[in-house]
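Read the structure below first, then the notes.
Chain A is the first sequence line, chain B the second, and so forth, proteins listed ahead of strands; every chain is numbered from 1. Computed from a predicted model, the values in this text were never measured in an experiment.
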2 protein chains.
Amino acid sequence: MPGPVENPVDRAPTMADVAVLAGVSLSTTSLAFSGNKPVSDATRERVLAAAASLGYAGPNPLASNLRRGRSGVVGIAVGRLSTAFRDPAALPMVDAVSEVLDAAGFGLLLMGDDAAHARLPLDAVIYDICGRETWTSYDDLVARDVPMVVVEGPAWPGTTFIDIDHRGGARALARHLHDLGHRRVATLTLEPSHPQRGREAGLRDVFPQAEVIGACASDHDAAQALVSDYLATEPDVTAIVCQSDVQAAAVVLEARRRGLDVPGDLSVGGFDGVATPWLDLELTTVVQPLADKGRATAEAVLARIAGERVDDVELPVALRVGASTGPV
Amino acid sequence: MPGPVENPVDRAPTMADVAVLAGVSLSTTSLAFSGNKPVSDATRERVLAAAASLGYAGPNPLASNLRRGRSGVVGIAVGRLSTAFRDPAALPMVDAVSEVLDAAGFGLLLMGDDAAHARLPLDAVIYDICGRETWTSYDDLVARDVPMVVVEGPAWPGTTFIDIDHRGGARALARHLHDLGHRRVATLTLEPSHPQRGREAGLRDVFPQAEVIGACASDHDAAQALVSDYLATEPDVTAIVCQSDVQAAAVVLEARRRGLDVPGDLSVGGFDGVATPWLDLELTTVVQPLADKGRATAEAVLARIAGERVDDVELPVALRVGASTGPV
DNA sequence: TTGTAAGCGTTATCAA
DNA sequence: TTGATAACGCTTACAA
């Protein structure tokens, strides 16, 4: 009493089995499944019926992949997941990537530690630079001619580069603070990374002397610890510029913990424009188009897979004035 | 002036090209790369040298996959990323999955919307049930004989089931509250989902009459809105039990916003045991072994791929008493 | 619209 | 330790 009927031997049915049972050729059967060329309705129905009766679930992806030279899998290098996605800004971007790729029939494979991914069937790879500059897989992918798209990272040869206007955004925030009368400004930076450089440049366009408090990841605890030490020195600053909203939220809470009013005693600026629902005040921040960035990334990936030339992209950002900054 | 030398024709070099140049057979060349059988050092070096001079980057994964009947790709169905990973409890688990799979040479593919993944080369699929009960891909995967591992979801036929002791954990927290003298307890539940049921049962083991405030995702805003409305009715409760720490943190902040002291006026219990760094108080919560859950999941996946029989797993949880609960 | 036939680039079996 | 050979299951010219 087998589920699928008439399976001649003890192995999974193949398209050839279906073809025989349907009484048509292998190529016609293939066309009936792929729709790549017209097949008469009668034939298609016969093929589908045969497939159903054999319990055939459609073309074997492994065989199809080899034949077509494509796996439908796109890798995304993010480092450790718990690090990469700790910052809520990472999600909307990857979400958008996934959505666009899904619609095109591609899947997104997380490359955590990127060694040993050499044997995986990847049609393209996205490097989403989260505080890292080097990836061991890069050379290998170059050798294999796998298209690469780099987000906010160094412009490695042969890669397509998706970025936002870090410098312009940072400068807009700095000007906003300058307009409010701030002159003594300090900044919390990201760990050495590519975005870092443009943002610091933007800040220094307005405040050449801005003091660097220290560098840390976009992580509440790390930012809080750094700022706590800094504020303990009773510094002579009226504003602190952060490189993410998570950092900024931590700074606001820590400032309050030390009896400072925000923005009365201290103005705090963020970056990203993500929600910080646990904070009862809207941050002044540089809003970046996270979903657009993800879509641009995915579209670049698809174009590169299709063999097209793709230009680098730089997306605009926008200052959003909230309640965490005010006059000196 | 080509980079790779001696490429006879205009196409990527194959293992056969390497074999010819090295003066050995195709099968020996394959062994030199895979190490599946011993090859003399001299031969291996000759092969590797030939590969290097041709710019051959190793066996084509697509061909290797077909021949071996494996892709090295494991899917994980999480729904929308921004939803699935909004709760920090999701990360350590997926992180552990990824780590174990990586070490075994497998990659993790995110199945967002799970339609249309039928053509992807998946060796196994993990269903991490984040507030969903149905997945359209299930039937298809059954038909393809793809091993499935379900985390905290329904025990579908043919799947391996990884779970934690929801009921025991919820009961332990309830007893703790009962010991503190609480008698009037309300609960915030998850959207209808599998874990939900065991946890509510555990709560009712101790407080059969516990009132349900409402159901929402493990999301700060949602929980806050729900509890805000509830507290506005001036309910006669002394403790609120939540189904996640994110919910619990939101409840604490909202209670304070309304002038209630936690735990003086209201005790709040959580679930998961994740960090809530923006909260200045440690939550009383049911700690679940997130990394263990991930590892158990990945190990079940690997065993199923290897064709082994695998038993279902239920992991223990532990009550951690923090500062968000106290005597009535 | 359908059929024939030739690969896609490996790995595994078997024999030498 | 190495070599000859046969698949793996499908897609796509090309022909009919």
Side-chain angles (χ1 to χ4, degrees), chain A residues 7-9 11-47 50-51 54-72 105 118-121 123 143-145, chain B residues 7-9 11-47 50-51 54-72 105 118-121 123 143-145:
Chain A
N7 200 334
V9 280
R11 54 166 177 73
T14 70
M15 192 179 278
D17 299 327
V18 175
V20 169
L21 183 59
V24 298
S25 75
L26 181 57
S27 55
T28 300
T29 308
S30 175
L31 295 176
F33 280 105
S34 70
N36 286 352
K37 290 202 172 181
V39 169
S40 79
D41 288 351
T43 304
R44 179 176 24 254
E45 274 161 36
R46 213 133 36 84
V47 169
L54 287 175
Y56 178 75
N60 178 325
L62 265 26
S64 168
N65 288 348
L66 171 58
R67 184 55 237 230
R68 300 182 313 162
R70 247 176 204 32
S71 66
R119 299 184 60 115
L120 293 178
D123 289 348
R144 309 187 102 86
D145 246 330
Chain B
N7 200 336
V9 282
R11 56 167 175 72
T14 72
M15 193 180 278
D17 299 327
V18 175
V20 168
L21 184 58
V24 297
S25 75
L26 180 57
S27 47
T28 299
T29 308
S30 176
L31 294 176
F33 280 104
S34 71
N36 286 352
K37 291 201 172 182
V39 168
S40 78
D41 288 351
T43 304
R44 182 178 19 258
E45 274 161 36
R46 211 132 38 83
V47 168
L54 286 175
Y56 177 74
N60 177 328
L62 264 25
S64 170
N65 288 348
L66 171 59
R67 183 56 238 225
R68 301 182 314 162
R70 246 175 203 36
S71 66
R119 298 184 61 118
L120 293 178
D123 289 347
R144 310 187 102 88
D145 247 328

Pairs under 3.5 Å (N/O, protein and nucleotides 7-10 of chain C):
residue: C:dG7; atom: N2; partner: A:Arg67; partner atom: NH1; Å: 3.0
residue: C:dG7; atom: N3; partner: A:Arg67; partner atom: NH1; Å: 3.4
residue: C:dT10; atom: OP1; partner: B:Tyr56; partner atom: OH; Å: 2.6
residue: C:dT10; atom: OP1; partner: B:Asn60; partner atom: N; Å: 3.3
residue: C:dT10; atom: OP2; partner: B:Met15; partner atom: N; Å: 2.7
residue: C:dT10; atom: O5'; partner: B:Asn60; partner atom: N; Å: 3.4

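Counting 5' to 3', DNA chain D first comes under 4.0 angstrom of a heavy atom of chain A and last does so at the ends given by D:dG9 to D:dT12.
Residues that satisfy the side-chain contact (heavy atoms from CB on, under 4.5 Å) test with A:Leu62, not counting sequence neighbours, are A:Asn60, B:Asn65, B:Leu66, B:Ser71, B:Pro121. Residues satisfying the salt bridge (Lys or Arg N to Asp or Glu O under 4.0 Å) test with A:Asp41, not counting sequence neighbours, are A:Arg44. Residues passing the salt bridge (Lys or Arg N to Asp or Glu O under 4.0 Å) test with B:Arg46: none are found, sequence neighbours excluded. Qualifying side-chain contact (heavy atoms from CB on, under 4.5 Å) partners for A:Ala19, counting only residues two or more places apart in sequence or in other chains: A:Thr29. Residues passing the side-chain contact (heavy atoms from CB on, under 4.5 Å) test with A:Asp145, sequence neighbours excluded: none. Applying the salt bridge (Lys or Arg N to Asp or Glu O under 4.0 Å) test to A:Arg144 and every residue at least two apart in sequence or in another chain returns A:Asp140.
When each of A:Thr28 and B:Ser27 is assigned the nucleotide of DNA chain D with its nearest heavy atom, B:Ser27 is the one assigned upstream, toward the 5' end.
For the contact set between residues 32-47 of chain A and DNA chain D, defined by any heavy atom under 4.0 Å, the members are A:Asn36.
Sorted by first and then second residue, the salt bridge (charged side-chain N to carboxylate O under 4.0 Å, His left out) pairs with a member in residues 59-71 of chain A form an empty list; sequence neighbours excluded. Applying the salt bridge (charged side-chain N to carboxylate O under 4.0 Å, His left out) test to residues at least two apart or on different chains, none of the pairs has a partner in residues 26-39 of chain B. Under the salt bridge (charged side-chain N to carboxylate O under 4.0 Å, His left out) criterion, no residue pair touches residues 25-35 of chain B, with sequence neighbours excluded.
Counting heavy atoms from C-beta on, the side chains of A:Thr28 and A:Leu31 never come closer than 4.5 Å.
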